[in-house]
Amino acid sequence: MEQKSRGRFIVFEGIDGAGKTTQIELLEKRLKEQGRRVFRTAEPTESVTGGMLRDALAGISKRTACEMAALFTLDRIFHNVNPVHGIEKMLADGIDVICDRYYYSTLAYQGSEIRGDWAFDMNLNCPEIRRPDVCLFLDLTPEQSMERISKGRVTQEIYETHEKLEQVRRKFYSVFERLDEEEHIVIVDASKSIDEIAEEIYLIVNTLGIR
Ligand code: ADP
Ligand code: MG
């Protein structure tokens with residue numbers, strides 16, 4: 001019997017307003033037009049842990065950086081292994097998984113507040129956290145990001161100050177440098193037009209083999 005091919009695991013990263021939701025929708029549409037099955041997902045997930053994270057992000061409950069990193073990592077393990085609609089299950093069924101934020105965000109946001117390698121090790125050395133086939137980083141300056149956010153939204157999350165976003169962006173870069181040898185990470189200029197970015201991403205995704 002022919003073995004079913006595994007789906008591709010595609011992660012989108014970038015600070016708020018970078019265009020992740022916009023591009024994920026466009027990629028999903030194009031992949032489906034190709035006849036592929038697609039599962040769209042995001043972190044934090046809808047788990048109990050995800051709810052705790054959302055409360056903390058909204059400033060409703062206060063958490064330390066280590067608490068946040070640990071909760072995000074726990075939520076990510078659940079995201080991978082949950083037998084009903086976990087990432088592993090979907091990929092095994094031949095479905096492409098498109099994920100809005102992953103461990104790179106933990107390493108950039110919480111990692112910039114925690115000294116040492118603890119958050120990095122916890123995520124990169126965890127046997128139940130899969131490395132994606134590609135990470136597409138939509139790169140935008142904090143100025144551009146905040147301008148886009150302010151147009152569309154009333155509430156602000158705890159990380160959305162200019163200074164913090166600048167720090168997070170630098171940390172994203174240092175994480176990517178560190179992972180450069182072992183992962184497929186593409187930095188996309190997110191200041192371009194929506195269509196230009198969509199085309200660039202589509203070409204990158206189509207170079208990913210179907211295993
Ligand atoms: P994210 O999910 O990364 O926070 P969104 O996709 O929600 O970003 O986009 C934030 C805002 O910026 C939305 O109003 C969206 O329409 C707009 N936007 C997205 N991509 C672009 C782009 N390339 N150029 C200009 N505006 C954009
Ligand atoms: Mg979004």
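Start at 1 and go down the list; that is how both ligands and their atoms are numbered.
For ligand 1, the atoms sitting less than 4.0 Å from at least one non-hydrogen atom of I194 are 20 (N), 21 (C), 22 (C), 23 (N), numbered in the order shown with element in parentheses. Ligand-side atoms of ligand 1 in range of D16: 4 (O), range being under 4.0 angstrom from any heavy atom. Ligand 1 places these atoms under 4.0 Å from at least one heavy atom of G17: 1 (P), 3 (O), 4 (O), 8 (O), 10 (C). For ligand 1 and S193, the ligand atoms under 4.0 Å from any heavy atom of the residue are 23 (N). Less than 4.0 angstrom separates some heavy atom of A18 from each of these atoms of ligand 1: 3 (O), 8 (O).
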- Task: Start with the C-alpha distance between D133 and R8, add both sets of side-chain angles, then the distance that settles salt bridge (charged side-chain N to carboxylate O under 4.0 Å, His left out), and finish with yes or no.
- Result: CA-CA 6 Å; D133 294 305; R8 282 96 45 99; over 6 Å; no

Check: Would R63 and D55 satisfy salt bridge (charged side-chain N to carboxylate O under 4.0 Å, His left out), going step by step from the backbone distance to the final call?
Finding: CA-CA 10 Å; R63 300 264 178 205; D55 281 352; over 6 Å; no

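E113 has no carboxylate O lying under 4.0 Å from a charged side-chain N of K171, or vice versa, which leaves the two without a salt bridge. For the pair E200 and K192, the salt-bridge criterion is met [side-chain N within less than 4.0 Å of a carboxylate O].
In this structure, Y102 and Y104 have tilted ring planes: the angle between them lies in the 30° to 60° band. Using cut-offs of 30° and 60° on the angle between ring planes, the pair F137 and F172 is tilted.
Evaluated by nearest non-hydrogen atom to atom 27 (C) of ligand 1, the leading choice among K20, K192, R148 is R148. Heavy-atom proximity to atom 16 (O) of ligand 1, evaluated over D195, T21, V188, T22, is greatest for T22.
Residue E33 places its CD atom among more than 12 non-hydrogen atoms of other residues, nucleotides or ligands, all under 6.0 Å distant.
Among the backbone and side-chain atoms of T22, none of the N, O or S atoms lies under 2.8 Å from the Mg ion (ligand 2).
On a distance-only criterion, I197 and ligand 1 share no N/O pair closer than 3.5 Å.
Contact annotation: for S191 versus ligand 1, there are no heavy atoms closer than 4.0 Å.
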